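Data block below; observations after.
First the proteins, then the strands, lettered A, B, ... as listed; each starts at 1. Computed from a predicted structure; not experimentally measured.
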Amino acid sequence: MKKIEAIIRISRFEEVSEALHEVGIDFFTYWDVTGVGNEKSGAIYRATVYETRYIPRRIISFVCRDQFAEAAVNAIVRSAKTGELGDGKIFISTVDDSVRIRTGEAGPESLYIKD
Amino acid sequence: MKKIEAIIRISRFEEVSEALHEVGIDFFTYWDVTGVGNEKSGAIYRATVYETRYIPRRIISFVCRDQFAEAAVNAIVRSAKTGELGDGKIFISTVDDSVRIRTGEAGPESLYIKD
Amino acid sequence: MKKIEAIIRISRFEEVSEALHEVGIDFFTYWDVTGVGNEKSGAIYRATVYETRYIPRRIISFVCRDQFAEAAVNAIVRSAKTGELGDGKIFISTVDDSVRIRTGEAGPESLYIKD
Amino acid sequence: METMDFTMSINTFWVLIAAVLVFFMQAGFALVEAGFTRAKNTTNILFKNLMDFCIASLGFWALGYGIMFGAGSGFLGEIEFFSNVDHGEALGLPNYAFLFFQLVFAATAATIVSGAMAERTKFSAYLIYSAVITLVIYPISGHWVWGGGWLASIGFHDFAGSTVVHSVGGWLALVGAAILGPRIGKYKNGKTNAIPGQSLVLGTLGVFILWLGWFGFNPGSTVSFADPGLVAHIFMTTNMAAAAGAVATVITTWIRYKKPNLSMTLNGVLAGLVAITAGCDVVSPGGAVIIGAMAGVLVVFSVEFFDKIVKIDDPVGAISVHGVCGAFGTIMVGAFAVDGGLFYGGGFSYIGTQLTGVAAVGAWAIGTGLILFYGLKYILGIRVSRKEEENGLDFYEHGEKAYN
Amino acid sequence: METMDFTMSINTFWVLIAAVLVFFMQAGFALVEAGFTRAKNTTNILFKNLMDFCIASLGFWALGYGIMFGAGSGFLGEIEFFSNVDHGEALGLPNYAFLFFQLVFAATAATIVSGAMAERTKFSAYLIYSAVITLVIYPISGHWVWGGGWLASIGFHDFAGSTVVHSVGGWLALVGAAILGPRIGKYKNGKTNAIPGQSLVLGTLGVFILWLGWFGFNPGSTVSFADPGLVAHIFMTTNMAAAAGAVATVITTWIRYKKPNLSMTLNGVLAGLVAITAGCDVVSPGGAVIIGAMAGVLVVFSVEFFDKIVKIDDPVGAISVHGVCGAFGTIMVGAFAVDGGLFYGGGFSYIGTQLTGVAAVGAWAIGTGLILFYGLKYILGIRVSRKEEENGLDFYEHGEKAYN
Amino acid sequence: METMDFTMSINTFWVLIAAVLVFFMQAGFALVEAGFTRAKNTTNILFKNLMDFCIASLGFWALGYGIMFGAGSGFLGEIEFFSNVDHGEALGLPNYAFLFFQLVFAATAATIVSGAMAERTKFSAYLIYSAVITLVIYPISGHWVWGGGWLASIGFHDFAGSTVVHSVGGWLALVGAAILGPRIGKYKNGKTNAIPGQSLVLGTLGVFILWLGWFGFNPGSTVSFADPGLVAHIFMTTNMAAAAGAVATVITTWIRYKKPNLSMTLNGVLAGLVAITAGCDVVSPGGAVIIGAMAGVLVVFSVEFFDKIVKIDDPVGAISVHGVCGAFGTIMVGAFAVDGGLFYGGGFSYIGTQLTGVAAVGAWAIGTGLILFYGLKYILGIRVSRKEEENGLDFYEHGEKAYN
Ligand SMILES: Nc1ncnc2c1ncn2[C@@H]1O[C@H](COP(=O)(O)OP(=O)(O)O)[C@@H](O)[C@H]1O
Ligand SMILES: Nc1ncnc2c1ncn2[C@@H]1O[C@H](COP(=O)(O)OP(=O)(O)O)[C@@H](O)[C@H]1O
Ligand SMILES: Nc1ncnc2c1ncn2[C@@H]1O[C@H](COP(=O)(O)OP(=O)(O)O)[C@@H](O)[C@H]1O
């Protein structure tokens, strides 16, 4: 099982969500974070003009069976991309096991993703 | 060392926290997220009735020695379960190393979990 | 590629950020969490004095090439340490792959970290 | 330009402005209660605070006003539909000016209860409660004191409603919270847990708004500006009691809990205000400082008492602030009234009268409260299900979160 | 002590206090609009609400006052720079008292639009719109009704501005929102999506503040305290309509959506208030309850209509609350006016006059609105870019987030 | 009905209502300061704002009133315990009406400082400061101008307190902030960093409430409604200066920082209000627009100056808004006063007098401020430890977070 964590622009969230749905990923968890990266944005507070590298981002995180990982990554890249600095990153890692709390079942079956 | 990430209902948090304590897990980190899964909930905003799949959830995340993982997972399943759709998932993965910032010590000793 | 997740005191954030910069880590993502650990803090709410183990913390998370991991961990330990209970933990794990959304490029090149 | 009846114009103007300030207290209550409870129940608590005012407006206009001010007997006014009998005339006020002023008072009594019963009461049951208090409970005991009833006859003094408004609300809150039972998690294995409210910003803003409203509540109860000195006097006593209440609570919490505590001090301000309400016209500013300060200390111990000894879960402290300090302040009139008070050589009889009033109104509120809340409990149910409570009332009762 | 002209002092005092309450409605609008929109546009919406008041202040003082109240013709007042002609004297008021009162009314009309056009309108275009409405659009139709113009002559009755203020704002909101187009994501594949606002706390506090302000808006429109009974009467009708509006909306949403809904009920309160504004002086409290309740039902269906059928995206419901309920309430004067209304045996002619006024002012607002917003669209652009909208106006237009 | 002394009733009524509006400014200050600082210090800043009002109430009543208004000498009033000497009579007011009005002014002066010293000042030191300013510093310089002291004799004109209230607060803020030193992280390696406040919603609501309060502050300073034209005039000048201040700041920030900036514009509104306070009775609305607009520009450069050149860290801009614009506005009276001002042919002497007053009061405030804050620093300590500051004052000083 693979864990996919995508750090995306909040403004692309709806598109990414739909693109994931199309490739069969219907379950995920997300939360808002602050990203520090290449992108900078001009900001003003009272009399101070400054550049901030702290940009609001959203993490979408999900675990899927190995065979879904590639399609999912492609779907995210496709839908999250604007082409400008700061589109974000996707990290893929391996998960040992997964358990569905409601049923206690473990392993791939616990991931209700239609094949 | 194993990393356990449990996505649970916020309303089960207290119970999970106690159940973990009972199996010797006294240290963890949590934050609130939005989950997208099987569960749906009816919502109304002004004149629009709609169904939302965005449900508030909480992630409990901790790293423990291998031998604690199973007990911890069982404790979470036991305490977080309501039996209804949306009880959440637990993901187990392997962590290479852990460091306690205060002392700089690395490896299992950095995880103050009583055996 | 290694994923480093550091759970630190919010008050040390600026220092950690600078220390990471010095060792060449310019990209990361962070969010605020609640930590449960050794540290306790006295609290009062209306007529009730109590001790809480729920302490505000910040997670700094980033993925870097293997050869940067050690320096990064050292930098964090150095900068996040106050010596008092509750300085936090660093967890290191292995990531399979990384993709830059803007360009679609995968692997270490997607991590813009100067060598 | 028509010629003006200056007296009537000034008095009416004054009464209406005071009423507007009292109206705004609704916003203050809404904020305090939202601030002192958790975010998952915020839609619900705001909604209750809005609707109790609306229902009180309709109910007091439709019937309550007549029951309170109608001639009737010493115990009860009269059924006068839609406020069609003029009770302002005797005061030199248009009927609707006096009605509007009294209506916002009735709504204040109604809204006190929502805080004590917050985070677990059914919305529908709360709406029914709101109707009953403004149609029946409040107007009847109100009649005793302000409608020419039997307490008025024996010389009971409650100028602006420490007892008539606040302690009625407070005792109903007590009964309601007791019958409801505590919130899940409040008491566990014999331990009393703190359930911190979501926002002290909301709480503090709410208290400032309430304090503002009290400058209508107390001095407005003159329902006349014939005596400017009296009105000004009441501004001073009201303000000094609030300030002294806050300072006393700060000191008490600093000593008792080692740190100055804001959430309790917000209650301390209100404690001072509630306590001075009965005697704001007859005590001196110095007396007001003493009454306010005592209330500011009392409220701390009262909150602890209900929270830890009696174990009645009152998320905002309504029982202590409105019930206990309301009763306390009313009794203190007998001690501090410049004319006839114990400390001014008046003997104990004044205190006796005050005690009678406090006890009678308290018994009435508690008695009717028991009938009302037990009735609601067995007929309709007053408490939401465990699941609703755990997930928040906003989610199940309204399908609408307060924050997005 | 100089001797006082009591009549003038009391009237001026009253008008200024009423104006202060109306002024504070600006804060109410700011909070409601901030609460009903998303956090990424909060700096922007607050800023617009602040600046429209400032621009309206300057513009109405510089020119609008003269255009509205200058003798002129039945259609138009006069160009009088910096309010240098006294229009208060005839009313027994200092010119500046009357000016200030009228100025805050003009600002109210101006600020209504920002909510309907929220989350996608260019800041610069909005500022220009603010100037045009207070310099031209509002004063001209205002002149017809309140400046002795042709609608006043035919007996059109709009006491405090259901039509003059609210529906002008509402129709401009309609035109503006229509020309702007919906927010991204509001309509997708023929489906209407809910875009929940960030905070019902802000929304509720805003509505309480607006309700408070209405106690200046309606009774203050007497611009005199010569008739205390009338002022008190207006307090009652205003309050009862608001309360009835809320209750009606709660019931409607409970039946229609299965759950009592707060966000819509907040609109219901305002619907009741807007609807009673025209006739608050001539309908009875009972009539006010009926008008308020009807508006509370109407607003639900109106919001649905614009949201789902016409598909004009109005984030706060300004079109329905101010436009539709403003028109509705104005017409209802013809039915419920105690003196001459249809239900009091007055026949249909009163309603006819009211309809004329509503239609004329509506046509004026829509006509000038079309010119204004299309003009702005083609000359300057009124809508921010897709990117700005997606990332939030705060980010690109101001470089300043509302929350940190 | 007793017969009424209409003059006294109207005047008292007016003074008390104005005082209520000024009282409510406390909530405005609390919100602005909470909004402009970080969430980790919110309990602390709210608490300070609440307690300074309470302490000022007690202190001004106990002693300050006599020191300010007691006959005494040109430099000092008298020690009169508990306001037991009547200073209202001469004005045709009940003593307590005048006292209450003056008390809320004293509290305003006191509360200004908390913002500039926010996020790093010890709670206990702040409480002591609050007592000293209302017991000593403010009443003495207040005596010079409003208590019949030496500045009154030479013709210094400060109608509602640009200097007496605002610049005293501003200069004390300057001294306090300077002695405290900047917040950790404000200046690093010679760079000035922005430390954005937590919420512009709180900031904006606070500014609206302050603006509202100013309609009590300025026109209320007539302490009489004998001249309705004057009161109305002051409403207009006050409002126009605020509006012009905002517009001027928007334009200035738009040019200087490329984008219209809300956080600074909020200061711009206050700058306009503070600046017009001295001359609101003697300048024309046009003059008010000019003064307000100049203050709106000035405040931007002043904030930059203190922030970047002098490097005194003032989180909310109190020094610039109250100190600098207060002084500026006072001096401008000499230029724009319709009767005797430079631009109305009055020559330079008026400006000279104004400068004298500004300088004398400034020197007094700065001198006593130095003694006070250095004294506190060496005896008690005024700054929290590094650890407390980093983790937030709420955590260590109160054990209570503002948000949960
Ligand atoms: N190595 C990394 N580890 C963790 N997060 C990262 C890393 N690199 C980038 N990010 C996240 O991705 C976001 C976008 O990256 P950025 O470098 O600005 O743009 P781009 O990927 O287009 O070059 C950053 O704000 C940060 O949140
Ligand atoms: N594959 C997944 N990856 C990440 N989070 C998931 C995944 N599946 C479920 N979740 C999280 O678990 C929550 C509960 O899952 P859900 O499917 O609604 O219930 P159940 O597990 O009972 O079928 C979701 O809201 C989501 O946050
Ligand atoms: N095993 C763990 N898994 C996840 N988070 C942990 C773990 N141990 C500690 N933490 C986090 O680190 C924070 C600091 O840990 P704590 O035990 O209080 O201090 P110390 O590391 O100095 O002994 C905790 O609040 C918690 O957020």
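A distance of 12.5 Å separates CG in C/Asp96 from CZ in A/Phe91, rounded to the nearest 0.5 Å. Between C/Leu111 atom CG and A/Lys89 atom NZ the span is 7.0 Å, to the nearest 0.5 Å. Atom CG in C/Asp32 sits 7.5 Å away from atom OG1 in A/Thr34 (nearest 0.5 Å). The distance from the CE atom of C/Met1 to the OG atom of A/Ser93 is 10.5 Å, given to the nearest 0.5 Å.
Within the 4.5 Å cutoff, the side chain of A/Ile90 has heavy atoms near those of the C/Ile101 side chain. Residues A/Ile59 and C/Thr29 have side chains in contact (heavy-atom distance under 4.5 Å, counting atoms from C-beta outward).
When all heavy atoms are compared, the tightest approach of C/Asp26 to A/Arg53 is O-NH2, 2.7 Å. Taking each heavy atom of A/Lys81 and C/Arg102 in turn, the nearest pair found is CE-O, 3.2 Å.
For C/Ser17, the part sitting under 4.5 Å from any heavy atom of chain A is the side chain, from C-beta outward, and nothing else. Of the two parts of A/Asn74, neither the backbone nor the side chain holds a non-hydrogen atom closer than 4.5 Å to a non-hydrogen atom of chain C. Residue A/Glu5 touches chain C through its side chain alone, counting heavy-atom pairs closer than 4.5 Å.
Comparing A/Val36, A/Val73, A/Asp87, A/Leu85 by heavy-atom pairs within less than 4.5 Å of chain C, the highest count is held by A/Val36.
Between A/Tyr54 and C/Phe13, the ring planes are tilted. Angles from 30° to 60° get that label.
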Task: Verdict with reasoning, C/Val99 to A/Val77, per side-chain contact (heavy atoms from CB on, under 4.5 Å) - done: CA-CA 8 Å; C/Val99 176; A/Val77 170; 3.8 Å; yes
